[in-house]
Amino acid sequence: RSGSEQGHQALVMKNTSQGMGHGHFDKLSWLYYDNGKEVVSDYGAARFLNVESKYGGHYLPENNTWAKQTIAHNTVVVDETSHFGGDVDVGSKYNPDPLVFDSQDNIQISAASMSDTYEGVKFIRTMALLDDPDLDQPLVIDIFKVVSEDSHQYDLPLYYQGHIVNINFPFNADDNQLAPLGASNGYQHLWRKASGKAEDDFSQVTWLLDNRFYTYSFLSDESSEALFVELGANDKNFNLRKESGIIQRVKSKGDHTFVSLLEAHGEYNPSLEYTTQNYSQISSLDHYHQNGMDFVKLANSQGKEWLLAISYERDSEKTHEAEILGKEYQWDGFYHLFEN
């Protein structure tokens, strides 16, 4: 959590077990709250509780076909299949392994690993809330490592509340006819609205929610594309609420690391008719990998730089060293945040 005169933030990372047989296959998912709003949303259950006209107020059929499926949540899906094959008895046997939870003056961090969602695939997700005076608002850093010896398709969705106002890469919109993104495992409920490939390594999508802007920044490569989706396909009884999402998709990959940022910035004031800082303050985003360690480097438009070093070592007294772009770094423990 973080808080100031400009609002309060809460980053929730779900490093949890299945729980009570509900069978939501979404390990290492996350949510984010800011400015009194749910910004990064989690669908929860498909149910209009005690509304008799909606299936008697019970769980809707779409609770199984959508809400319990992994693609409905903000975590990695492998080969368009849900975690544990969608089997609640299997999923109930396993839970993530928490690696670290720590809080310093300007950064709070949580990490966990998961090895049983798919055969031969391991997840390690590290999320941090960076609260620095040189940032307009706290910044979410997301590092999602997928480790596998075999090639797969990886999808990492982000479901957001708000309206897109800017995309910094070319995209093609499906503006004449919509089609479902897939045939099963929740994909049949997503309309494919648009897709694009970043021309540069640094992609950004900005949306407006209430009176604040949010920019989702992520790294891309030659094997990746961004899909823009909207919930509502194959929903003949209007049971699903309207949700919008961005899916980072990479194909033919073994090991892959998704690196993303979520940044709140600026103000939109319709009564006084002014807008401030409606563009992202992040000017660069880079990722380096060395000896099993990960490094995320970012800078803002004022020239301030940060480097988040992740060793994945639980021993807080163990020393680590690395050389990034000709500069040497040394720290103890799981992580360290270096500033210029």
Side-chain angles (χ1 to χ4, degrees), residues 1-13 30-40 100-111 126-143 158 160 162 165-166 168 202 204-219 259-269 272 274-288 294-311 316 322 324-325 327-340:
R1 294 179 183 273
S2 179
S4 66
E5 294 180 358
Q6 287 73 40
H8 297 268
Q9 296 77 32
L11 168 63
V12 183
M13 184 175 174
W30 70 292
L31 307 88
Y32 189 64
Y33 301 86
D34 174 54
N35 199 29
K37 305 291 182 180
E38 184 183 31
V39 180
V40 175
V100 70
F101 184 88
D102 192 43
S103 178
Q104 302 292 336
D105 290 339
N106 57 352
I107 189 170
Q108 300 172 70
I109 191 167
S110 177
T126 305
M127 301 199 72
L129 188 62
L130 175 61
D131 191 356
D132 191 286
D134 290 308
L135 293 169
D136 193 27
Q137 300 288 342
L139 180 75
V140 177
I141 303 173
D142 180 19
I143 307 169
L158 178 94
Y160 63 91
V165 294
N166 185 53
N168 80 334
F202 182 33
Q204 291 186 313
V205 180
T206 301
W207 63 85
L208 175 64
L209 176 61
D210 196 14
N211 64 339
R212 186 166 293 174
F213 297 93
Y214 297 88
T215 295
Y216 186 52
S217 302
F218 51 95
L219 293 178
V259 177
S260 315
L261 306 177
L262 180 65
E263 168 198 6
H265 55 92
E267 181 187 357
Y268 170 66
N269 192 315
L272 297 180
Y274 71 79
T275 300
T276 64
Q277 295 182 355
N278 59 313
Y279 287 100
S280 168
Q281 294 182 356
I282 301 301
S283 59
S284 67
L285 175 63
D286 296 286
H287 170 240
Y288 308 96
D294 283 294
F295 304 85
V296 174
K297 183 180 180 182
L298 58 141
N300 66 5
S301 54
Q302 288 74 45
K304 178 70 176 287
E305 293 182 348
W306 299 266
L307 180 79
L308 179 60
I310 307 292
S311 71
S316 60
I324 305 296
L325 299 178
K327 185 175 181 179
E328 294 184 355
Y329 296 90
Q330 185 179 92
W331 74 98
D332 296 333
F334 189 92
Y335 78 101
H336 191 80
L337 180 68
F338 297 92
E339 303 180 33
N340 68 350

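Just so we're clear, the structure is a prediction, and the values are computed from it rather than from any experiment.
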- Task: Identify the two heavy atoms, one from Phe213 and one from Thr276, that lie closest to each other, and give their separation to 0.1 Å.
- Result: CE1-O, 4.1 Å

- Is a side-chain N or O of Asp134 found less than 3.5 angstrom from the main chain of Asn300, in a donor-acceptor match? no

- Note on the structure: One should read off an interatomic distance between Leu262 CG and Tyr214 OH, to the nearest 0.5 angstrom, of 8.0 Å

- Tell me, with the steps shown, if Ile141 and Leu308 meet side chain to side chain contact (heavy atoms under 4.5 Å, CB included). CA-CA 9 Å; Ile141 303 173; Leu308 179 60; 4.1 Å; yes

- Met127 and Ile109, any side-chain heavy atoms less than 4.5 Å apart: no

- Task: Any chance you could measure Phe338, atom CZ, to Phe295, atom CZ, to the nearest 0.5 Å?
- Result: 8.0 Å

- Item | Shortest non-hydrogen contact between Asn168 and Phe202, atoms and distance | ND2-O, 3.3 Å

- Measure the CZ-CZ distance between Phe101 and Phe334 for me, rounded to the nearest 0.5 Å. 13.0 Å

- NZ/Lys327 to CG/Leu307 distance, rounded to the nearest 0.5 angstrom? 8.5 Å

- Message: So for atom OH, which belongs to Tyr279, do other residues, nucleotides or ligands contribute more than 12 heavy atoms lying within a distance under 6.0 Å?
- Response: no

- Query: Asp34 side chain to Lys37 main-chain N or O, any donor-acceptor pair under 3.5 Å?
  - Reply: no

- Item | Option from Thr215, Asp136, Thr206 for which side chain to side chain donor-acceptor pair (under 3.5 Å) with His265 holds | Thr215

- Message: To the nearest 0.5 Å, what is the distance between CD on Glu305 and CG on Leu298?
- Response: 9.0 Å

- Message: So that I can tick it off, tell me whether Glu267 and Arg212 are bridged by a salt bridge, with the cut-off set at under 4.0 angstrom between side-chain N and carboxylate O.
- Response: no

- Item | Option passing side-chain contact (heavy atoms from CB on, under 4.5 Å) with Asn106 (candidates Asp132, Leu135, Leu129) | Asp132

- Message: Any carboxylate oxygen within less than 4.0 angstrom of a Lys/Arg side-chain nitrogen, looking at Lys297 and Asp286?
- Response: no

- Query: Near Glu339 CD, under 6.0 Å, is it more than 12 heavy atoms from other residues, nucleotides or ligands?
  - Reply: yes

- Crowded around Asp105 CG? As in, over 12 foreign heavy atoms under 6.0 Å? no

- Task: Please say which of Tyr216, Tyr32, Trp207 ends up in a ring pair (Phe, Tyr, Trp, His ring centres under 6.0 Å) with Tyr160.
- Result: Trp207

- Task: Answer yes or no: is there a side-chain heavy-atom contact under 4.5 Å between Trp30 and Val40?
- Result: yes

- Are the side chains of Gln137 and Gln9 in touch, meaning some heavy atoms are under 4.5 Å apart? yes

- Item | Trp306 CH2 to Ile282 CD1 distance, which is reported to the nearest 0.5 Å | 6.0 Å

- Quick one: closest heavy-atom pair of Leu261 and Leu139, and the distance? CB-CD1, 4.3 Å

- Okay, side chain of Ser217, backbone of Gln204: is any donor-acceptor separation there less than 3.5 Å? no

- Item | For the student: nearest non-hydrogen atoms of Gln281 and Glu263, plus distance | N-OE2, 2.7 Å

- Item | Side chains of Leu11 and Tyr33 in contact at under 4.5 Å (non-hydrogen atoms) | no

- Message: Applying side chain to side chain contact (heavy atoms under 4.5 Å, CB included) to Val259 and Asp142, what does each step give before you reach the verdict?
- Response: CA-CA 6 Å; Val259 177; Asp142 180 19; over 6 Å; no

- Query: Can you list the steps and then say if Asn269 with Asn211 is a side chain to side chain donor-acceptor pair (under 3.5 Å)?
  - Reply: CA-CA 6 Å; Asn269 192 315; Asn211 64 339; over 6 Å; no

- Note on the structure: Taking every heavy atom of Asp131 against every heavy atom of Ser2, the minimum-distance pair comes out as OD2-OG, 2.5 Å

- Task: For the pair Thr275 (side chain) and Tyr268 (backbone), establish whether a donor and an acceptor sit closer than 3.5 Å, ignoring hydrogens and angles.
- Result: no

- Item | Gln108 side chain to Gln104 side chain, donor-acceptor N/O pair below 3.5 angstrom | no

- Would you mind reporting whether Tyr288 and Val296 have side-chain heavy atoms less than 4.5 Å apart? no

- Item | Minimal non-hydrogen separation, Ser316 against Asp332, with atom names | O-CB, 3.5 Å

